[in-house]
2 protein chains.
Amino acid sequence: MIDVAREAGVAFKTVSRVVNGEPVRRESLERVDAAIAKLGYRRNIGAASLRSGRSRTVGLLVYEISESFQLSLAQIVEAALAEKGYRLVVASTMGLGEREAEFFESFCANNFDGLIVLPSTVEQSYMRPELEAGVSIVFVDRPPKNLETDVVLAENREGMRHATEYLIAGGHRRIGFFSLKLDNYTGVERHGGYRDALDAAAVSYDERLVSEWPETRQQALEALDAMLALPSPPTAFLSGASPLAKRLLWAFRQRKITPPFVSYDDFELADLFEPPVTVVSQDSRRMGLAAVDLLLQRMQGDTTPPRVVRIPTHFIERGGSIMPEA
Amino acid sequence: MIDVAREAGVAFKTVSRVVNGEPVRRESLERVDAAIAKLGYRRNIGAASLRSGRSRTVGLLVYEISESFQLSLAQIVEAALAEKGYRLVVASTMGLGEREAEFFESFCANNFDGLIVLPSTVEQSYMRPELEAGVSIVFVDRPPKNLETDVVLAENREGMRHATEYLIAGGHRRIGFFSLKLDNYTGVERHGGYRDALDAAAVSYDERLVSEWPETRQQALEALDAMLALPSPPTAFLSGASPLAKRLLWAFRQRKITPPFVSYDDFELADLFEPPVTVVSQDSRRMGLAAVDLLLQRMQGDTTPPRVVRIPTHFIERGGSIMPEA
DNA sequence: TAGCTAAGTGACAACGTTGTCAGTTTCCCG
DNA sequence: CGGGAAACTGACAACGTTGTCACTTAGCTA
């Protein structure tokens, strides 16, 4: 910057002004621009954010960037922030609580202006000091544990209830449910929606029809086999999340069956299966925009009490019979 | 840091030493550690990299992070770098040359220590000033245009030739090829492999059997229809990349056909189609490790001439008949 | 114990910016 | 043409670290 200033015959502060688009005389501007082009000068963002205290950068912490919903969310958040002049840095925790804390450290050390978190299932009280020190944080998908922040949630319960009602309307009374772990918000809510629908239709709840988070394809197959071996086996299936849906579709394949099936969470190619997979889709666009909106407000100094925004899901019916096979 | 030093009763330079794991007296260490914990101090990475000139951060520029190969590569690169104490920041250009240049700017402004680039199809001479100024850059997947750097490449040509030979061995003489654009390295190489195999088997090349980068499902369907309407239509198909495979599978579905089909690039759920999709898989692990290896060498001051590393592909046969239907 | 080495510590400058504030120029008005 | 406001400019400190180098202390050897 000093070199540029010398080249242009102005003070280096004037170069700073040009770089930041502050008003300068037309002539100074031209000479500085020319000098910048000539010397190939590039502003050092690190130094700027050190001095100013603002980095114009936001962090996004997800658990598995390859999942369709999270990837889509990341893209929408990035675009929305870019429009406001902010960069986005994404980190993927792979569901490990330790990685979540580690990335949080790193985000703070880089003095980001804000943070959007899709929390893993651990608790987040370790974020309290920064939150109270004025760092802007918004949670998405699940609320924080032991912490009070803005949250953007999907209507998990209603979405899952709708999916269940759809199968019940097809005449099913025995519905196998492949569930997320029940130790976290989304797991509990989606399971709750399943149960709500059963209760409303006076269908009895049978815990043998619920498999909690088979971690692999093989485990999903074993869970499926166990259900099929029941005296009164399920005639249709629900999945509580897309990774489960993929494992389950593999298991169906192994057993050469194509039962009526609905999954919470859309995923790529879901429409190309035979039969295509009907899904409950979370509105990543609205959720992402809501999160950015809340975050920007906080970053502008809003100190009102934390808010909760709930975004409805979409039911995407892709056809395929939902009638029992028998 | 000054506060921590006061709390511990040492000079702030000693705190710096503790934070960086340099040798200090046992007693100083304990008192500084205690002060750090008490005050919740966090080292400012930006300031550190400003002073030291090194950021211990590497950038990865891809064109579409949601593609299976690129995502996998990113994960491997991240793990390999983390092991050496480097952070990774990923940016996705969506194949837009402008975004590539823009991110490159941003990478430089953040004074990253190194950069791994999966280039879009534009040329990269704009990187020359930094490269000559000593910034470490490694290209992956495609070589740079108008620039000399280390490159890690897959054996595109051999992979595609193998896939084509596989179909020829099944008795096919008319093979439809859905190709990448032919204005870039991977497009040309894979097309070259297809042609090599035809030539070797004395099968004549018919350009009506080649569709260059249908951009949408609908366009893929139109291209497919055009081929099927030929007097001598194709009896098997090849895809030059996974996005094409997905469009083509949709098109097959529309026409209710399941012809023998092989795709370059593996993708998630390829094994769950009916019939499953046989693929040529790029070895993202070896390619990622090779890239990191080259980059670290450059970052340690290696100034030998640029090298080219070629990594073989794997042919993953997933079954399904490859015999002509007729 | 003098003399030397090794280990540890501290003072201070420097990294490349932006904020502050005082100074200078330009422009407009009466 | 004088006066005052507005526009612009520049000197300098500060952001939170690390590099350099000189200094102090401890430990060893002769």
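Residue numbers begin at 1 in each chain, while the letters A, B, ... track the order of the sequences. When reading the values below, keep in mind they use all heavy atoms of this one structure, side chains included, and skip hydrogens, waters and symmetry mates.
Protein atom CZ of B:Phe12 is 13 Å distant from nucleotide atom P of D:dG19, rounded to whole Å. Rounding to whole angstrom units, CE of residue B:Met1 and C1' of C:dT9 are separated by 15 Å. In this structure, CG of B:Asp3 is placed 10 Å from P of D:dT17, rounded to the nearest angstrom. When the P atom of D:dT9 is taken as reference, atom CZ of A:Arg31 falls 10 Å away, rounded to whole Å. Nucleotide C:dG16 holds its C1' atom 12 Å from the NZ atom of A:Lys13, rounded to whole Å. In this structure, B:Arg43 places its CZ atom 16 Å from C1' of D:dC15, rounding to the nearest Å. A:Arg6 has its CZ atom 14 Å from the P atom of D:dG10, to the nearest Å. Here the P atom of nucleotide D:dT20 and the CD atom of B:Glu22 are 11 Å apart, to the nearest Å.
Taking only side-chain atoms of B:Ser52, from C-beta outward, the nucleotide of D:dA13, D:dT18, C:dG19 with the closest atom is D:dT18. Closest to the side chain of B:Arg17, out of C:dG10, D:dT17, C:dG8, is C:dG10. For A:Arg25, the listed nucleotide lying nearest its side chain is D:dC8; candidates were D:dG19, D:dC8, D:dT17.
For the pair A:Arg142 and A:Tyr185, the cation-pi criterion (under 6.0 Å, within 45° of the ring axis) is not fulfilled.
By the neighbour-count criterion of 12 heavy atoms within 6.0 Å, atom CD of B:Glu83 is sparsely surrounded, having that number or fewer from other residues, nucleotides or ligands. Enclosure of atom CZ in A:Arg128 by more than 12 non-hydrogen atoms of other residues, nucleotides or ligands within 6.0 angstrom is indicated.
In the interface, the side chain of B:Arg51 is paired with the base of D:dT18 through a donor and an acceptor atom under 3.5 Å apart.
The side chain of A:Asn20 contributes an N or O atom lying less than 4.0 Å from OP1 or OP2 of C:dT18. The phosphate of C:dG10 (OP1 or OP2) has a side-chain N or O of B:Thr14 nearer than 4.0 angstrom. Here B:Ser16 reaches the OP1 or OP2 of D:dT18: one of its side-chain N or O atoms lies under 4.0 Å away. Taking side-chain N and O atoms only, A:Ser28 has a distance below 4.0 Å to OP1 or OP2 of D:dT9.
Residue A:Arg54 is in sugar-phosphate contact alone, with no base atom involved, counting any heavy-atom pair closer than 4.0 Å across all strands shown. B:Val10 comes within 4.0 angstrom of sugar-phosphate atoms only, judged by non-hydrogen atoms across all strands, and of no base.
Judged by distance alone, with hydrogens and angles left aside, the side-chain atoms of A:Asp141 form no donor-acceptor pair with the main-chain N or O of A:Leu118 at under 3.5 Å.
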Side chain to side chain donor-acceptor pair (under 3.5 Å) between A:Ser72 and A:Ser284, worked out: CA-CA 6 Å; A:Ser72 164; A:Ser284 55; 2.6 Å; yes

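DNA chain C is contacted by both B:Leu50 and B:Val24; B:Val24 maps to the nucleotide lying nearer its 5′ end (nearest heavy atom per residue).
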